[in-house]
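Here the structure is laid out as structure tokens; the discussion comes afterwards.
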Amino acid sequence: MTALRLRNTLTRKVEDFIPLDPSNVRIYLCGPTVYDRAHIGNARNVIVFDVLYRLLRQIYGEGHVNYARNFTDVDDKINARSLESGRPISEITAETTQWYLDDMGALGNLEPDHMPRATAYIGEMIAMIEALISRGHAYEAEGHVLFDVRSFAGYGKLSGRSVDDMIAGARVEVAPYKRDPMDFVLWKPSEPELPGWDSPWGRGRPGWHIECSAMSHALFGESFDIHGGGIDLQFPHHENEVAQSCCAHPEGSFARYWLHNEMLMVEGKKMSKSLGNFFTVRDLLDQGFAGEVIRFVYLMTHYTRPMDWTDTKAREAEGVLRKWRGLTAGVEATEPAAEVIAALSDDLNTAGAIAALHGLANSGDYAALKASARLLGLLEDHMGDWLKGGADLSAYADRLAALRAEAMASKDFSAVDALKSALLEAGAEVRMSKAGVEVQPGQGFDESRLPAL
RNA sequence: GGCGGGUUGGCGGAGAGGUUACGCAGCGGAUUGCAAAUCCGUGAAGACCGGUUCGAUUCCGGUACCCGCCUCCA
């Protein structure tokens, strides 16, 4: 079997992946803050981790991989959304959570084994903060509890920066109650109108980073295998998680491999809320891009590289999937091909895996093509409706066949050509062979432009 | 300012110190009433300047440009 190799942000090298316990491989992905629709950047790490999850299940067995992805349902963005809309927080988080599950499912992602919600782990967070205070890594000040970055020698290791350098950058908020400008909030007081929980430090709510530390510990223990997210989470979010977890549980190693995916670009720029150039997964689905097609576009680019979303890529992806679905229709999937597993095992080289799939398609091994594609979450039965969808154009096919039969005798093909070009203009695919005539909806098909029969 | 990533053929996009990546598009052919689809074949590359080497697009150094993080963001 090919050894799995992964790029570990912690060491900045591609390393052999060796799980702590092959019968219980544990991976954790930072999930969404549920206050709005997931944008297309949010989908990238989900798809990356979904492929990783499928590959690990292939290697270690389905029952031996545990995948957790949290929902952050306590956050000031949610509070702000509630205040501006007048809707209860619980209603917003419940609705957004379901949107997220629907949208990620539409892209062909499996659901993780665990999907913890932050508000269900407030007790664990408080306990962890208490442990940090008692161990001398955190302190209370003006109702806040802050992590003391100077107390953790390893602070900055994950993101490759030093506390002194960052302070030199002088772009941190310097609250008067902080011992060091880089200290970050573990707990903060809540005004009466904001969500809050009773704690040893008064009524308040957790800070930005503590939830992932508390939830991963509750589900996976002091040490687990892989933790991931977008590269923009490397600092400060993941750096702070490391600090909290390693100081609260020094007997463990927290995450041993860190996987970070590069950003998704639109027109060569990072998609971001502040730039206003982002759109949601639902926007793409509503524009008529099939979930499977969107997924294929993501897989075309290696996860460690910036990826550009373009309509051209989507068209190319659709063409490939259309072809493969045609080749594999009715074929029973066998086992994934060794070359596809090898490509994925090489730091999730999805582009290489797709190339291997082309090889299987060209060599006629459709059973392996189908099985291998499923390792990438492609060519699954439930993802193929986009091809079947649309109008039944067999009446046009019959009419065209009849006209052609007449034309064969009369040698006058003008009526055949007229109907054919009208169908093509409406975006239909027309195939006339000796065996018969086929008319199907093609790319850009518009039923309203069909000619009358 | 500090730290990190990138620059491959018309486009997208990988691997490998020496032997075709792959896909899309293009071109030639087969097929077709004409097309489409399909099949066969085919040209085209690695920002710039140095270094190491028998040999570098691949390793090392520098230059230019692009992008990201350092502030809510995946």
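Each chain gets a letter, A, B and so on, in the order its sequence line appears, and its residues count up from 1. From a predicted model like this one, the values you see are computed outputs, not experimental measurements.
Nucleotides B:C60 and B:G17 have their C1' atoms positioned 13 Å apart, rounded to a whole Å. When the P atom is used for both B:C22 and B:C39, the distance is 15 Å, rounded to whole Å. Nucleotides B:G6 and B:G51, compared at atom P, are 25 Å apart to the nearest Å. Taking atom C1' in both B:U52 and B:G62, one finds a spacing of 15 Å when rounded to whole Å. Using P as the reference atom, B:A14 and B:C70 are 25 Å apart when rounded to the nearest Å.
Phosphate proximity of B:A74 to A:N45: absent, as no side-chain N or O sits under 4.0 Å from OP1 or OP2. Residue A:R404 places no side-chain N or O under 4.0 Å from the OP1 or OP2 atom of B:U32. Distances shorter than 4.0 Å separate some side-chain N or O of A:T301 from OP1 or OP2 on B:G13. Regarding contacts with the backbone of B:G13, a side-chain N or O of A:K313 is found under 4.0 angstrom from either OP1 or OP2. When the side-chain nitrogen and oxygen atoms of A:R305 are compared with OP1 and OP2 of B:A14, one or more of them lie within a distance under 4.0 Å. Regarding contacts with the backbone of B:C39, every side-chain N or O of A:N362 stays at 4.0 angstrom or more from both OP1 and OP2.
A 3.5 Å limit on both hydrogen-bonding distances identifies B:C3 as the Watson-Crick or G-U partner of B:G68. Remark: B:U58 base-pairs with no nucleotide; criterion is Watson-Crick or G-U wobble with both hydrogen-bond distances under 3.5 Å. Pair assignment for B:U38 gives B:A30, based on Watson-Crick or G-U wobble hydrogen-bonding distances that are each under 3.5 Å. When both pairing distances are held under 3.5 Å, B:C11 makes a Watson-Crick or G-U pair with B:G23. Using Watson-Crick or G-U wobble geometry with both donor-acceptor distances under 3.5 Å, B:A44 finds no partner in any strand shown.
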| message | The test is side-chain contact (heavy atoms from CB on, under 4.5 Å); show your working for A:I354 and A:F296 and say whether it passes. | response | CA-CA 9 Å; A:I354 288 171; A:F296 193 101; 3.8 Å; yes
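Nucleotide B:G43 carries an anti base; the chi torsion (O4'-C1'-N9-C4 or O4'-C1'-N1-C2) is more than 90° from 0.
One donor-acceptor pair, N or O on each side, does fall under 3.5 Å between the base of B:G33 and the side chain of A:D417.
With B:C69, B:A14, B:G33 as the choices, the nucleotide that has an atom nearest any side-chain atom of A:A351 turns out to be B:A14.
Within 6.0 Å of CZ in A:R325 there are more than 12 heavy atoms belonging to other residues, nucleotides or ligands.
In this structure, the CH2 atom of A:W324 is 17 Å from the C1' atom of B:U38, given to the nearest Å. Rounded to whole angstrom, the span from the NE2 atom of A:H302 across to the P atom of B:C22 amounts to 20 Å. In this structure, the CD1 atom of A:I231 is 8 Å from the C1' atom of B:G5, given to the nearest Å.
Taking 4.5 Å as the limit, every side-chain heavy atom of A:I27 sits out of range of all side-chain heavy atoms of A:L259.
A residue-by-residue look at A:A355 and A:G31 shows that A:A355 has its nearest nucleotide of RNA chain B further toward the 5' end.
Without hydrogens or angle criteria, A:E239 side chain to A:G156 main chain gives a donor-acceptor distance under 3.5 Å.
The cationic group of A:R44 does not satisfy the cation-pi geometry with A:Y298, failing either the under 6.0 Å distance to the six-membered ring centre or the 45° limit from the ring axis.
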